[in-house]
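Below, each value reflects all heavy atoms present in this structure, side chains not excepted, and no hydrogens, waters or symmetry copies.
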Amino acid sequence: MAGVAGRGNFERSGVAIHFDVDTIDANEIQLGLGADLGGLTSAQARRVVSDINSKADVVGLTIAEYIPRQVMHLQQLLAGFPLIG
């Protein structure tokens, strides 16, 4: 990888990666609240993170989205579920 975001080559350094799940193409899987079409494939997202990791020491990773629909449905399903606090 020649560089990240036009910054050119760089020595190994600490990098934090922020991954928004809605960057993944909704045609592959809909992870966010909206259907965002035309994003990265999951393979492309893995490749980007792998390329960054090969050039820098990844010291942090955040994975974010407002509230993924699957989590909302799971919370509704589990509300009052036996054995769950």
Side-chain angles (χ1 to χ4, degrees):
M1 186 168 93
V4 176
R7 304 243 182 212
N9 292 326
F10 55 92
E11 297 297 320
R12 292 190 69 81
S13 59
V15 172
I17 298 171
H18 175 80
F19 173 56
D20 241 316
V21 297
D22 63 359
T23 61
I24 300 298
D25 191 339
N27 285 317
E28 180 178 349
I29 186 169
Q30 188 172 335
L31 296 170
L33 288 174
D36 296 320
L37 304 177
L40 297 171
T41 66
S42 57
Q44 290 170 324
R46 280 192 296 274
R47 173 67 192 270
V48 169
V49 173
S50 178
D51 287 352
I52 293 169
N53 189 47
S54 72
K55 298 291 183 182
D57 293 320
V58 176
V59 297
L61 172 66
T62 60
I63 301 172
E65 174 50 38
Y66 295 110
I67 300 175
R69 182 169 287 145
Q70 292 84 351
V71 172
M72 290 176 9
H73 290 299
L74 181 60
Q75 287 173 333
Q76 290 171 357
L77 171 76
L78 296 178
F81 207 78
L83 306 175
I84 297 179

Those residues at least two apart in sequence (or on a different chain) that pass side-chain hydrogen bond (donor to acceptor under 3.5 Å, both in side chains) with Ser50 are none
Spacing of CD1 belonging to Ile29 relative to OG1 belonging to Thr41, to within rounding of 0.5 Å: 12.5 Å
So which heavy atom on Ala64 is nearest to which on His18, and how close? CB-CE1, 3.5 Å
Report the C-alpha distance between Asp25 and Leu37 in whole Å, list the side-chain angles of each, state the deciding distance to 0.1 Å, and finish with yes or no for side-chain contact (heavy atoms from CB on, under 4.5 Å). CA-CA 5 Å; Asp25 191 339; Leu37 304 177; 4.2 Å; yes
Taking only residues two or more places apart in sequence or in another chain, which ones pass side-chain hydrogen bond (donor to acceptor under 3.5 Å, both in side chains) with Ser42? Glu28
Straight-line distance of Arg46 CZ to Leu40 CG, nearest 0.5 Å: 11.5 Å
Among residues at least two apart in sequence or on other chains, which ones pass side-chain contact (heavy atoms from CB on, under 4.5 Å) with Ile17? Val15, Val49, Ile52, Val58, Leu61
For Ala79, check side-chain contact (heavy atoms from CB on, under 4.5 Å) against everything at least two apart and list the hits. none
Taken in chain and number order and not counting sequence neighbours, the residues that satisfy salt bridge (charged side-chain N to carboxylate O under 4.0 Å, His left out) with Arg47 are Asp51
